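Structure, as structure tokens:
Remember, it's a predicted structure, so these values are computed and weren't measured experimentally.
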Amino acid sequence: DFLIFTDHNTLSPKFDGKEGRYGKTLVLVGDEISTAGGHYVALRVGQEVAAREDPQWTIDQVAKQGGLGFIAHPFWRKSSWKNTQVRGFTGMEIYNAAQNATEANPLQIGLETLLAGSDLSIGWWLRRSDKSLALWDRYLNERGRGVVGVGGADAHGLKKFGLRLGPYGTVFKLVRNHLLIHGELTESAVYDALERGHLFVAHDVVADAKGFLFAAMSSEETHQRIHGWVVEGIMGDQVKFHSRLRICAYLPSPGRMTLWKNGKPVTSRMGQMQWFIPSGPGVYRLEATRKGKPWIYSNPIYVVE
């Protein structure tokens with residue numbers, strides 16, 4: 001439905017008028033800035049930001065433009081994120097395909113992709129990004145809310161010895177950001193959903209993730225209802241804690257759902273639809289696996305007093 005291209009240290013495609021609709025696909029352009037302490041993805045910006053500067057300075061410059069900023073592949077061995085004490089960023093990549101691939105054997109990945117077919121080969125080396133998710137939980141616990149988790153395909157269409165490794169179509173299927181948008185898919189709607197955390201990250205190569213639900217609900221007689229329940233908040237929203245509050249999770253197909261609170265797993269269940277009773281205020285998010293493979297990562301619901 002949409003693609004955001006972020007080449008390093010340039011907005012040239014944007015200036016050249018490459019943004020727009022290509023058939024049914026909305027194409028937008030951002031900038032992956034090489035800071036002095038790692039890579040930083042800047043979206044919704046109209047001016048280039050100088051490279052190789054202090055990470056906090058870079059974050060501040062993006063924010064001054066009203067842009068959105070995401071820490072990229074924080075544990076990628078070629079360019080890890082050096083300063084975890086920064087402030088003012090929108091979110092971070094909780095999964096990055098390039099980082100994930102380097103945690104496996106690159107030669108093995110290439111051979112599997114070429115010889116076994118894209119879906120099967122990716123399934124062999126796809127894994128949970130433990131370090132990135134732990135850093136995300138740390139940020140969420142420190143700040144209480146407002147650190148959006150996104151996925152990065154980091155597709156490069158690499159060629160080795162005349163052979164194409166990790167073709168774009170394969171990598172785009174590997175990880176996707178599913179945005180929750182009411183109404184037409186526009187540039188402003190995309191960036192608004194990213195800013196508010198109204199999205200989930202999924203490995204659609206494992207199974208189609210469309211239709212995933214993670215929402216705070218209650219039996220109050222107000223607002224929108226789903227199956228007789230009132231929707232109080234979706235991923236990225238803040239809701240107030242009360243005795244009737246429930247968290248509902250629905251998977252498009254059966255899998256294992258693990259509910260996390262304040263960076264720790266609190267319960268894990270098999271099935272397709274589950275209701276959880278929150279134990280009090282906290283940062284609640286959900287991870288789903290299918291047939292032993294990581295599948296879906298929700299953004300949090302922030303339950304407050």
Q: Using a cut-off of 6.0 Å, state whether more than 12 heavy atoms not belonging to Asp54 lie near its atom CG.
A: yes

Q. More than 12 heavy atoms of other residues, nucleotides or ligands under 6.0 Å from NE2 of His8: is that the case?
A. yes

Member of [options] meeting the side chain to side chain contact (heavy atoms under 4.5 Å, CB included) criterion with [X]:
{"X": "Asp7", "options": "Leu11, Asn9, Thr10", "answer": "Thr10"}
{"X": "Ser132", "options": "Gln99, Glu93, His73", "answer": "Gln99"}
{"X": "Thr6", "options": "Val41, Val29, Ile33, Asp31", "answer": "Val41"}

Using 4.0 Å as the upper bound for N to carboxylate O, is an ion pair formed by [Y] and [X]?
{"X": "Glu187", "Y": "Arg44", "value": "no"}
{"X": "Asp60", "Y": "Lys64", "value": "no"}
{"X": "Asp204", "Y": "Lys210", "value": "no"}

Q) Checking Arg246 against Trp275: charged group under 6.0 Å from the ring centre and within 45 degrees of the axis? A) no

(Q) Rounded to the nearest 0.5 Å, what separates atom CD1 in Ile247 from atom OG in Ser218? (A) 12.0 Å

Q: Look at the side-chain heavy atoms of Ile, Leu, Val, Met, Phe, Trp and Tyr, link any pair under 4.5 Å apart, and say whether Phe5 and Tyr22 land in one connected group.
A: yes

Q: Treat each ILVMFWY residue as a node, draw an edge where side-chain heavy atoms are under 4.5 Å apart, and state whether Val266 and Tyr302 are in one component.
A: yes

Q.
Under a plain distance cut-off of 3.5 Å, with no hydrogens placed, do Arg138 and Thr84 share a side-chain donor-acceptor pair?
A. yes

(Q) Please tell me whether Thr35 and Arg52 have a donor and an acceptor in their side chains that are separated by less than 3.5 angstrom. (A) no

Q) Testing Phe172, Tyr95, Phe212 for ring-ring contact (aromatic ring centres under 6.0 Å, His included) with His203, which one passes? A) Tyr95

Q | Name of the residue among Arg285, Lys131, Lys264 meeting salt bridge (charged side-chain N to carboxylate O under 4.0 Å, His left out) with Asp137 | A | Arg285

Q) Which pair of non-hydrogen atoms, one from Lys240 and one from Glu232, has the smallest distance, and what is that distance? A) O-OE1, 4.3 Å

